[in-house]
Amino acid sequence: MRMRRVLGLALAAATLAGMGAVGTVSAAAASSPNITRDECTAASGQVTARPYAGYACMMPDGTTQPIT
């Protein structure tokens, strides 16, 4: 019985560690690098000026990305 409990705890810890790693990778993928004006317009985005922050690309889904 004790062995089953120890294995269950080890499995739970491994699952949580895996979920943390997946969350970190997806967060890194979500924060995509800057894009160019051409890439913005090619992706059906709209280039907008931001005061004191340069230009950004407003994508059709509502997300914005800085323009290099």
Side-chain angles (χ1 to χ4, degrees):
M1 188 64 150
R2 181 181 173 135
M3 183 67 138
R4 188 179 299 174
R5 184 178 299 158
V6 170
L7 287 175
L9 288 174
L11 181 61
T15 302
L16 288 175
M19 291 174 68
V22 169
T24 303
V25 169
S26 63
S31 61
S32 59
N34 298 348
I35 62 174
T36 64
R37 289 177 180 260
D38 293 334
E39 292 171 340
C40 178
T41 54
S44 301
Q46 181 180 4
V47 177
T48 58
R50 298 180 298 177
Y52 307 107
Y55 293 94
C57 177
M58 176 71 82
M59 300 303 274
D61 62 355
T63 59
T64 58
Q65 294 179 345
I67 293 181
T68 55

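Heads up: numbering here begins at 1 and tracks the sequence.
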Testing the basics here: between [X] and [Y], what is the closest heavy-atom pair and its distance to 0.1 Å?
X	Y	result
Cys57	Gly45	SG-CA, 4.0 Å
Val47	Cys40	CG2-SG, 4.0 Å
Thr36	Ile67	C-CG2, 4.1 Å

- Message: Using a 4.5 Å cut-off between side-chain heavy atoms of Ile, Leu, Val, Met, Phe, Trp and Tyr, which other residues end up in the same hydrophobic cluster as Met59?
- Response: none

- Partners passing side-chain contact (heavy atoms from CB on, under 4.5 Å) against Thr64 (at least two apart in sequence or in another chain): Met58

- Apply side-chain hydrogen bond (donor to acceptor under 3.5 Å, both in side chains) to Thr63 and list each qualifying residue two or more places apart in sequence or on a separate chain. Asp61

- Query: What pairs with Asp38 under side-chain hydrogen bond (donor to acceptor under 3.5 Å, both in side chains), at least two apart in sequence or on another chain?
  - Reply: none

- With sequence neighbours excluded, give me every side-chain hydrogen bond (donor to acceptor under 3.5 Å, both in side chains) pair touching residues 44-58. none

